[in-house]
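Just so you know, these numbers come straight off a predicted model, no measurement behind them. Chain identifiers are assigned alphabetically (A, B, ...) following the order of the sequence lines, protein sequences preceding nucleic acid strands; residue numbering begins at 1 within each chain.
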2 protein chains.
Amino acid sequence: MPPQGRRRRPTQVDIARRAGVSQATVSLVISGGAASDQIAESTRQAVLAAAAELGYAANVAARSLKGGRNRLLGLYTFEPVFPTDRRDFYYPFLLGVEEETAAQGYDLLLFSSVTSSPDRSIYAGGANRLKLADGCVLLGRNVRREDLNALVHEDFPFVFIGRREVDEGEISYVGADYVAATRAMVAELHRLGHRRILYLRAIEDTEPTRDREQGYREGLAAAGLEVDERLIQGLADPADLSAEHVRHWIGAYGVTAILVEPTEDNRLVDALTAMTDGERVRFPEDCSIALLGEPSSWTPEPRDWTRFSLPRAQMGREAVRMLVDLLGDAQSTSRQVSIPCTFVPGDSIGPAPRTGGANA
Amino acid sequence: MPPQGRRRRPTQVDIARRAGVSQATVSLVISGGAASDQIAESTRQAVLAAAAELGYAANVAARSLKGGRNRLLGLYTFEPVFPTDRRDFYYPFLLGVEEETAAQGYDLLLFSSVTSSPDRSIYAGGANRLKLADGCVLLGRNVRREDLNALVHEDFPFVFIGRREVDEGEISYVGADYVAATRAMVAELHRLGHRRILYLRAIEDTEPTRDREQGYREGLAAAGLEVDERLIQGLADPADLSAEHVRHWIGAYGVTAILVEPTEDNRLVDALTAMTDGERVRFPEDCSIALLGEPSSWTPEPRDWTRFSLPRAQMGREAVRMLVDLLGDAQSTSRQVSIPCTFVPGDSIGPAPRTGGANA
DNA sequence: CACCGCATCTAATACGTATGAACGGAGAAA
DNA sequence: TTTCTCCGTTCATACGTATTAGATGCGGTG
C-alpha cells in the first residue's frame, strides 16, 4: 500500500461501499447495458453519484480480460512510421480513421510501442498487445503474413486498409480499386494514340502490385492490344529510374508511354524531377508518363504528374465503419470493399507522336 | 461457450499441463526476470518448448491488470480537431508525442470520442475517461479551467503542452518561451531602428497571450523605450486586420513595425496575403511586421514572414518524457519547462524609415 | 396459509497472470 | 536418528470487472 503515494484508482468496490450496495450492482449500473433497467432508479442515481464523487473510471485491462468491450479501436502500422516522408503518406489514413472512430463513439489506440520494437511483429513482446482494443485497423505495405495468419487464427476482429490475401480463410479489408484505375489509365493512353505502353512494377509481389498488373493486362486487352512481356519491367528502387533507361526503352521497344508504380515515399518523384530538371527527358514531349497511385504528399508542387489518387481519408473512415460493423456481428463473417480511385489529369501525358510506328 | 468455436488462445495453464508443471512455474519461466534462475534448467527448457509448440502469447490485459498499470498514455485536445487547418497546426505535436511514447515503450490513446462530444468536457460521459490511460498529455488553447482543477484534485498524472496556470496548486507543463522570443523580436526591431512598435494581441486573456505581452513590455524596457498603451491593441479576429487599419496606425501613431499574434488556423496569413496582394500595404517597405509565433503550416509558400517558430515536435517529446517521469514519482511533484523558440528571419521586417520621427 | 410472480439486488465465479508463502526432498550437520 | 538448510516447485491469492444463478422481500391469488 502506498503510504502517502499516488492515490489508488477507485474501483467498483469503492463505489459499492460508498453507495451501500454490492459490487455487482455497481457493475450493472456502470456498464449500462441490457440488465441496467432492472435496477431501481434511486439505486442507480446513488451509484452514479458515488462514482462521480470518486472520479471513477473503469479499468480497461480488467474489462477486456473479462471479455467485455472497452470501446477502444486499435490502429497498427506494419511500417516503421518515423521516416517523415512516409508519414505524410499515412497521415490521411490516420485522419479518416480517427474521425470515424470519434463519430462512432470509440477512442483510438495507436500501437506505437509495438511499432518501435526492433522486430516488427505484433507478437514482439511475447504478447499480442493488439487485444487491448476491441478490434483493430491494420495498415502497411510490408505485412507479416504469419502475423496475419495468427490473427485470423485467433479470431481477433480486424480490418486491413488495402486488399490483402491470406492462406487460411478470408480477411476483411477496404482496398483501393487499383485494377479499375490502372485499366482506365491504359484506356486513356490508348485514346491518345499510344500503342506501346511500358509498365514499371514494384519488384515485390504484393497485392497492390498484382492488382495493377492485372489492370494493365485488362486495359490492353480491352484496347485490343497484345501484351508484350518485355514491356513489363520490375523496378527495385524508383531512384534507379534514369533518363538512360527511358531513352533505351523508347529506342529499343518503341515505347511512347510509361506507367510507373510509386512508393510511399518520394523517391520516385525525386527521380522524375531529376530527369526533367536537366531536360534530359521531357514529359510528355518525349514520352508520356503516368503514376499508378499517389506518392507522399509532395511539398511545394514539383509538378502536376498525371496519376490517380486514392481517397485515403475515406478509406480510413470506411475501414472503421466496417470494423464496428464486424464487432456487432457474432458470426464475424469477413467483408471486402474496393473504393474507386480518382483520376488526376495532370500534364505529363499527351498524344502519341505520329512517328511512333507499330513496333510489336 | 463456443461449441466447436475457434481455438482458444493458449494460456499458461495449457503450457503447464503440457510440460507437466504448475502454472506458477510457467509464469516464472516466461516472465524471465529475477526469479527465473531459481528454476532448474531442464524444467525451463521443457516449459519454453511447450510454449513454443503452442504458440503462446501472454495476455496483456491480465498482465497489466495484475500490475495496476496499462502502459497506455493518453492524448487529449481541448479544441475540436476536425477543421483541417488547425489540424495541420497540431500534427507536429502529435508526431513528437507519438514518437516519444513509442520510445518509452508505451502505447498512445487518442481521446477522440470525448473530443467529438458536443460539450468538450473531459467529464462528458459522467466518468473521467482520461483515466483509461496511466497518464495523459493535454493540448489546446481553450482549456476548461474547471476540468483542469478537477484533474489536479483527483491527483491524475498529466502534462500540459503550453504553460497553464490553475487555481488550486501547480500543474506540470512543457511550454514555449514566448516571453523571451517576443523580447528578442522587439530587440531585433529596435536594432533596425524601430521605435514605435504596435502589438496586436489576442482578445482572450490566456497564458500564451499574457506571456507575449510580458515579453513585449520587457523588450521595450530593455531597449529603453516607454510603453505607449495605445500601441497595445486587441484583435478579436485576425481576419479583421485590414490595410485601412495599418495605414491608420502608421498615420495616427507613427507606427513603423507591428507584432501580431497568430491563431492556430491560417486566418491571419490569409488576411496578410490579401493586404499585400493588392499592394495596398507593402511589408516591409511601408511597415515592418513580424508574427509572434507560427500559424498553421501554410501550404505552398505564400511568403516567408518574419516570425518565430516553436519546436512543436520537441515539445511533444518533452511532454511525454515528463509524464513518464511523473508516473515513476510517487510524490508527483509538478514540473515546469519552457522551451526556447527559433527565430525565423523571413523578409517582412526591414530598417525603420528615416522619416519616422519620435512621435511619443 | 402456501404459493407464485415480480422487482431488486447479491453471492459466487471466471478471466490469465504474478508473486509471497509454504512445502517436500536431499543432503549436511549435530 | 534428528534437526537444519537449501533448492526447486507449488499453493493460494489478488488484481477489477462482467455475468449468471439465485436470494430477498412484497403484494396478490387461489
Side-chain angles (χ1 to χ4, degrees), chain A residues 1-2 8-47 50-51 54-72 125-129 131-132 134 154, chain B residues 1-2 5 8-47 50-51 54-72 127 131-132 134:
Chain A
M1 68 208 74
R8 192 178 55 87
R9 285 171 50 151
T11 73
Q12 291 187 351
V13 175
D14 299 321
I15 299 182
R17 209 164 359 233
R18 189 176 181 111
V21 295
S22 75
Q23 176 269 327
T25 305
V26 175
S27 175
L28 286 178
V29 172
I30 298 286
S31 32
S36 177
D37 45 358
Q38 306 267 358
I39 303 290
E41 188 54 26
S42 59
T43 312
R44 166 198 216 70
Q45 292 304 332
V47 168
L54 292 178
Y56 170 79
N59 183 319
V60 202
R63 196 170 262 182
S64 59
L65 172 59
K66 184 52 189 160
R69 296 285 166 81
N70 44 32
R71 295 201 81 74
L72 289 186
N128 177 356
R129 202 158 159 77
K131 289 216 169 168
L132 269 185
D134 292 344
E154 290 184 9
Chain B
M1 66 208 76
R8 194 176 50 90
R9 271 177 53 153
T11 75
Q12 292 188 348
V13 175
D14 299 320
I15 300 182
R17 205 161 6 230
R18 182 174 249 254
V21 295
S22 76
Q23 175 268 326
T25 306
V26 175
S27 175
L28 285 178
V29 172
I30 298 286
S31 29
S36 178
D37 44 359
Q38 307 267 357
I39 303 287
E41 188 56 26
S42 59
T43 311
R44 167 199 214 69
Q45 291 305 333
V47 168
L54 292 177
Y56 171 79
N59 182 320
V60 197
R63 200 171 255 180
S64 61
L65 172 59
K66 182 64 181 146
R69 291 283 170 83
N70 281 327
R71 293 200 81 76
L72 290 187
K131 290 201 174 175
L132 278 181
D134 292 342

Gap between atoms CD and P, on B:Q45 and D:dG8 respectively (whole Å): 15 Å
Phosphate-side-chain proximity, B:S27 and C:dT19, N/O vs OP1/OP2 below 4.0 Å: no
Rounded interatomic separation in angstrom, taking CG from B:L28 and P from C:dT19: 9 Å
Candidates C:dA18, D:dT17, C:dC9 - which lies nearest the side chain of B:Q12: C:dA18
Non-hydrogen atoms of A:S22 and A:A16 that approach each other most closely: C-CB, 3.6 Å
5' priority, DNA chain D, between B:V26 and B:A62 [closest heavy atom]: B:V26
Nearest-angstrom distance from the residue atom NZ of B:K66 to C1' of D:dC15: 6 Å
Distance, rounded to the nearest Å, where A:R9 contributes CZ and D:dT17 contributes C1': 12 Å
Residue met sooner reading DNA chain C from 5', once A:V21 and B:V13 are mapped to nucleotides: A:V21
Non-hydrogen atoms of A:I39 and A:L28 that approach each other most closely: CD1-CD1, 4.1 Å
Nucleotide C:dG16, atom P - distance to CG of A:N59 in whole Å: 16 Å
Shortest non-hydrogen contact from A:A62 toward B:L65: CB-CD1, 3.7 Å
Value in whole Å for how far the C1' atom of D:dC15 lies from CZ of B:R71: 18 Å
Phosphate OP1/OP2 of D:dG16: any A:T11 side-chain N/O under 4.0 Å: no
Under 3.5 Å donor-acceptor pair, A:Q23 side-chain atoms to D:dA18 base atoms: yes
A:R63 side chain near D:dA18 phosphate (N/O to OP1/OP2, under 4.0 Å): yes
Minimum heavy-atom distance B:D134-B:R71, with the two atoms named: OD2-N, 2.9 Å
Separation of D:dT13 P from B:L65 CG (nearest whole Å): 18 Å
Spacing of B:I39 atom CD1 relative to D:dT10 atom C1', expressed in whole Å: 10 Å
Over all atoms of both residues, closest heavy-atom pair of A:P10 and A:G55: CG-O, 3.9 Å
